[in-house]
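Report on the structure given below.
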Amino acid sequence: LVVRNPMIEKPNKDGKPPTIEYQEEEILDTVYSAVVRQCYSMYKLFNGTFGRAMEAGGVELLIQKLEKFFYRYLQTLHLQSCDLLDVFGGISFFPLDKMTYLKIQSFVNRVEESLSLIKYTAFLYNDQLIWSGLEQDDMRILYKYLTTSLFPRHSEPELAGRDSPLRPEVAGNLLHYGRFLTGPTNLKDPEAKFRFPKIFVSTGDGYEELHLIVYKAMSAAACFMVSASVELTREFCEQLDSLVGPQLTLLASDICEQFTINRRISGPEKEPQFKFIYFNHMNLAEKSTIHMRKTASVCLTSVHPDLMKILGDINCDFARVDEDEEIIVKAMTDYWVVGKKSDQRELYVILNQKNANLIEVNEEVKRLCATQFNNIFFLD
């Protein structure tokens, strides 16, 4: 990956050509090296390793596979909006109460038992992960694919609301909003094709190839993975549809209800004094109040790029040492930026407080840790 440094042209007197100054500090190596690693992981998810292509058909096959994959993938990379979140490559988890979580777990168990072909399952709601049977690194890259590529492509009909042509099927007395996001678009179509994308996930000593079945009802999505050596038939898809559709529809409305109740209890969302990014290296959980919406084509942040760059710099400093530490920076504008690293967790806070001093900033961050993170942070 070659990235051009931004530059400024300074005009010279006496009609000499302008002097060019490169701004070498503007671009963060860590962000772009993370993007390169992500590119490889994404290639590997759909094609297996480079070595696999070499064994199957030598350099020619590898070149073909690379061209086919990257021609499409590179168009989805928006390098100008890459930032600290790309370095973390984390997963946003959906907060749930124990009862609803248990319902989801039992749903996953029931489906895996009834449809014994299914090897792994992942469950998402509103683009956030709730349950996954995959290894962490595989889930991390599959999550990236689902949330930045597959889901955004399929969100339009959802937005059309309940009067859209996707009328719910009423099966018995159960509502059924389920549909396949990968595979057959319409099961009733006699011409329907039962082809699913294949993905590669790591096993103890290598890789296994799987069909990726993504099935969605309202805001809930379930990903089922079946060994690629199995031929998937119409019968299997119809069985999955009639079993999963009504249950997933029910679960989706349960989660939605639970979430609304919790929101009501916790009171209205006020625009907080601070914005933060949190990342936990152990379970890859990330949370950001800085990123308003990460769509397929653009990542909107609610803070100035200069502040994002300071976050990236603090992160580089943290990466150099193993100890826990804290860094507080006063930016040129009236912003304070605080980074805390403690036991595999990192927290970055941006405060906008005119005339605040170091002690006040520290108190404010302590308050944030107490309210948002139940004091899991930090060695005060």
Side-chain angles (χ1 to χ4, degrees), residues 33-53 55 65 69 73 85-96 101-102 104-113 115-151 181-183 196-216 220-230 232 240 244 278-287 294 319 343-346:
S33 63
V35 170
V36 172
R37 283 199 301 276
Q38 211 172 290
C39 285
Y40 177 59
S41 302
M42 197 63 87
Y43 169 87
K44 210 168 63 170
L45 179 69
F46 290 104
N47 299 281
T49 56
F50 288 179
R52 182 178 171 276
E55 281 160 30
K65 278 183 169 297
F69 175 78
Y73 184 62
L85 286 195
D86 293 279
V87 176
F88 292 144
I91 294 173
S92 172
F93 286 93
F94 191 82
L96 263 193
Y101 184 75
L102 284 172
I104 287 165
Q105 206 171 354
S106 95
F107 160 78
V108 170
N109 293 345
R110 279 200 310 271
V111 174
E112 288 186 350
E113 206 172 298
L115 302 167
S116 53
L117 286 181
I118 294 173
K119 284 190 89 166
Y120 307 103
T121 306
F123 192 106
L124 295 94
Y125 184 84
N126 260 356
D127 288 10
Q128 291 177 297
L129 186 66
I130 292 179
W131 165 270
S132 161
L134 283 178
E135 286 292 320
Q136 235 181 15
D137 277 339
D138 292 324
M139 190 60 231
R140 161 191 251 167
I141 200 72
L142 178 61
Y143 176 81
K144 170 117 186 117
Y145 164 68
L146 294 171
T147 53
T148 59
S149 178
L150 185 69
F151 292 163
L181 293 195
T182 58
F196 291 88
K198 294 199 176 56
I199 60 169
F200 292 80
V201 302
S202 38
T203 54
D205 49 358
Y207 283 91
E208 59 179 325
E209 194 176 352
L210 304 163
H211 294 288
L212 174 65
I213 303 169
V214 183
Y215 189 88
K216 194 168 187 201
C223 305
F224 303 110
M225 284 143 269
V226 173
S227 172
S229 55
V230 178
L232 292 180
L240 187 143
V244 175
Y278 163 77
F279 181 67
N280 179 342
H281 288 271
M282 288 175 285
N283 63 356
L284 305 182
E286 78 179 15
K287 199 172 172 187
K294 227 177 157 63
D343 185 29
Q344 302 272 339
R345 298 183 176 97
E346 296 181 27

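Contact annotation: the side chain of Lys144 approaches that of Asp86 to within less than 4.5 Å [non-hydrogen atoms, C-beta and beyond]. The closest side-chain heavy-atom distance from Asn47 to Arg52 is not below 4.5 Å. Looking at Tyr73 and Met42, their side chains come closer than 4.5 Å, going by heavy atoms from C-beta outward. Contact of the Thr148 side chain with the Tyr143 side chain is not registered, since no non-hydrogen atoms from C-beta on lie closer than 4.5 Å. Side-chain contact check for Val201 versus Ile199: some heavy-atom pair is nearer than 4.5 Å.
Using a 4.0 Å cut-off between charged side-chain N and carboxylate O, Lys198 and Glu208 make no salt bridge.
Nearest heavy atom pair, residue Leu240 against residue Phe224, reads CD1-CD1, 3.9 Å. The shortest non-hydrogen separation linking Ala53 to Tyr43 is CB-OH, 4.3 Å. Smallest separation of non-hydrogen atoms from Thr147 and Asp127: CG2-O, 3.6 Å. Here the closest heavy-atom approach between residue Met225 and residue Ala122 is recorded as CE-N, 4.3 Å. Closest approach of His211 and Leu232 over heavy atoms only: CG-CD1, 3.6 Å. When all heavy atoms of Leu212 and Thr182 are compared, the pair lying nearest together is O-OG1, 3.0 Å.
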Just distance, no hydrogens or angles: give the donor-acceptor pairs under 3.5 Å from side chains in residues 131-139, sequence neighbours left out.
unit_1	atom_1	unit_2	atom_2	d
Ser132	OG	Leu134	N	3.1
Gln136	NE2	Met282	O	2.7
Asp137	OD1	Arg140	NH1	3.4
Asp138	OD2	Ser202	N	2.9
Asp138	OD2	Ser202	OG	3.0

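The distance from atom CZ of Phe46 to atom NZ of Lys65, rounded to the nearest 0.5 Å, is 12.5 Å. Here the CD1-CD distance, from Ile91 to Gln128, works out to 11.5 Å after rounding to the nearest 0.5 Å. In this structure, the separation between SG on Cys223 and CD1 on Ile118 is 11.0 Å, given to the nearest 0.5 Å. Interatomic distance, CZ of Phe107 versus CD of Glu112, reported as 10.0 Å (0.5 Å rounding). To the nearest 0.5 Å, atoms CD1 (Ile104) and CZ (Phe123) are separated by 4.5 Å. Distance check, rounded to the nearest 0.5 Å: OG of Ser41 to OH of Tyr145 gives 15.5 Å.
The main-chain N or O of Val230 is never found under 3.5 Å from a side-chain atom of Ser227 such that the two would form a donor-acceptor pair.
Screening Leu146, Ile130, Val214 for a side chain to side chain contact (heavy atoms under 4.5 Å, CB included) with Leu124, the sole residue that qualifies is Leu146. For the side chain to side chain contact (heavy atoms under 4.5 Å, CB included) test with Phe279, the passing option among Glu286, Arg345, Lys287 is Glu286; the others fail.
In this structure Tyr215 satisfies the ring pair (Phe, Tyr, Trp, His ring centres under 6.0 Å) test together with Phe180, sequence neighbours excluded.
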(message) Using side chain to side chain contact (heavy atoms under 4.5 Å, CB included), reason through Lys44 and Tyr207 one step at a time and then give a plain yes or no.
(response) CA-CA 10 Å; Lys44 210 168 63 170; Tyr207 283 91; 3.2 Å; yes
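Between the side chains of Ser106 and Arg110, at least one donor-acceptor pair of N or O atoms lies under 3.5 Å.
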